[in-house]
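All remarks here apply to the structure that follows.
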Amino acid sequence: MMWQPIKNSSISLQRQIIHWITDQIQSGDWGVGTKLPTQRQLALQFNVNRSTIQQALEELKADGILNSTVGSGVFVANNSWNLLAKKTQPNWQKYIEESIHKPNYHTIQLINEYEQVDSVVRLGTGELSPTLLPVKKLQESLRHLSFEDKDFGYSSPQGSLKLRQALSYYLKKRGITTSPENILIVSGALQALQLMAVGLFETGSVVFQDHSSYLNSIHPFQSFGIQMKSVKRDEHLEQTLQTKKKNRQSIYYTVPTLNNPTGNVWTLDEKENLYNTCKELQIPIIEDDVYSELLFESPIPSIKSLDSSGQVLYIGSISKTLSPGLRIGWVVGPTPVINRLADIKMQMDYGSSAVSQELVTYWLTSGLYENNLIELKDHLMSRAKFVENILTEQFNSIAKWESSRGGFYIWLRFNDPIVTKEFFLKLLKRKVLINPGYIYDSEDANHIRLSYSYASLEDLKRGLIILYEESLSTIKNSCTP
Ligand SMILES: Cc1ncc(COP(=O)(O)O)c(C=O)c1O
């Protein structure tokens with residue numbers, strides 16, 4: 001029996017006929033150039049008025065799916081397939097563009113893409129070189145782990161109790177007194193920031209930060225309508241915070257020890273100052289402390305260790321000190337905040353990997369973690385020296401920097417504002433990847449965050465020579481009228 005439209009359907013006869021014709025084209029039964037039956041034949045076949053057929057064909061012609069030549073009839077148009085595919089596919093671009101989360105900056109998308117290319121020299125990567133990861137020891141320690149059946153089920157909202165106990169003991173050695181109830185295990189420090197962004201703020205809240213800030217390169221807060229305000233920590237800080245805060249909810253985000261990207265290390269005085277100022281104004285602090293264990297000199301107490309009023313949310317992670325791939329970090333804070341963040345984490349991922357949590361517990365409790373830190377700092381220190389020697393030989397006349405005090409980075413400041421997107425792309429063409437200052441502060445055209453932690457010494461040297469050549473030629477070009 002030939003297809004016929006349903007007379008008493010809620011879909012009009014014309015629409016049903018349009019669907020039927022497009023189905024014939026999409027299934028390939030009516031290829032490009034197929035001549036359609038006449039209007040009279042179609043009206044007869046579908047048992048409808050000729051005018052209904054005429055309107056359906058007109059609509060398909062207007063969409064470019066059919067075409068007609070006077071006197072020859074109506075045909076399936078050349079481009080009909082593409083047009084139909086577009087018509088039936090959802091407009092994903094619109095979904096993407098109108099969604100809540102901001103995309104990465106284009107420069108960061110390029111960095112993420114080219115970090116996967118083996119021949120590229122990575123002068124900016126904020127990660128330990130694979131040769132600095134204690135892979136063999138990690139593998140070996142897997143054999144010492146003992147699991148109970150329930151360990152392979154979903155984790156508890158706050159994460160493994162054994163790990164939280166081990167952390168509260170470990171943090172005590174670093175001057176932070178806390179208990180397992182005040183610790184939340186997260187899948188890396190980045191997740192801690194994301195949980196805070198969704199769990200603690202209303203739209204229009206204010207996050208204070210340094211001018212050059214890691215947060216500007218990732219957008220966890222910006223995506224939820226939270227305003228980022230960069231402030232200077234000078235003698236007017238209290239006034240500045242008060243004015244910029246207005247009556248809004250606010251928080252101060254900082255990486256006070258071995259800052260990313262600047263490598264800055266605050267003195268204890270500076271930490272006390274910020275703590276007291278924020279306490280006065282009732283502004284909580286997020287202390288992102290993922291690099292502090294990599295300080296080459298003796299530890300400086302964290303802001304959290306000064307916290308007697310539950311004002312500081314402290315973030316730590318093993319990503320920079322042991323392995324970013326295990327995805328283990330932690331938040332220390334007042335119980336209501338920890339419970340709130342744990343509740344959101346359960347809605348997001350039902351807890352962090354059981355194996356990773358067990359492995360990190362073993363490393364913390366066996367002393368392996370602290371022993372590894374000692375070795376790692378030695379390696380990082382000699383890498384830092386290696387890069388600083390090259391800088392002294394080559395870059396003295398065009399840039400300034402401070403000797404690294406730990407962690408991964410040297411904040412290289414060019415005397416001229418040459419670090420633009422064009423400069424980034426020029427280096428990429430020569431297979432050298434940098435982290436330009438403008439991803440941490442959009443106004444900054446002078447800095448590069450150099451990382452000595454990732455590339456091999458050979459690559460660091462090669463990359464720095466290319467960086468020097470491109471810097472010189474950019475400076476020369478900008479001088480010629
Ligand atoms: C300051 C800072 N906070 C947080 C993170 C995120 O670390 P994780 O790998 O633990 O998510 C990074 C990573 O580069 C960082 O530099």
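Since we're looking at a predicted model, the values are computed, not measured. Whatever order the structure lists them in is the order used to number ligands and atoms, beginning at 1.
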### Message
Any donor-acceptor pair under 3.5 Å linking the side-chain atoms of Tyr253 with those of Ser213?
### Response
no
### Task
Assess the side chains of Tyr291 and Tyr409: does a donor N or O sit below 3.5 Å from an acceptor N or O?
yes
### Query
So, for Phe224 and Phe201, is the gap between ring centers shorter than 6.0 Å?
no
### Message
Pairing donors with acceptors under 3.5 angstrom, does anything connect the side chains of Thr257 and Lys271?
### Response
yes
### Closest heavy-atom pair and its distance - Ser308, Lys279
OG-NZ, 3.8 Å
### Task
Determine whether the side chains of Glu181 and Ser179 contain a donor N or O and an acceptor N or O closer than 3.5 Å.
yes
#### Entry: Atom-level proximity to ligand 1, residues with heavy atom under 4.0 Å
Gly188, Ala189, Leu190, Tyr214, Tyr253, Val255, Asn260, Asp288, Val290, Tyr291, Ser317, Ser319, Lys320, Arg327
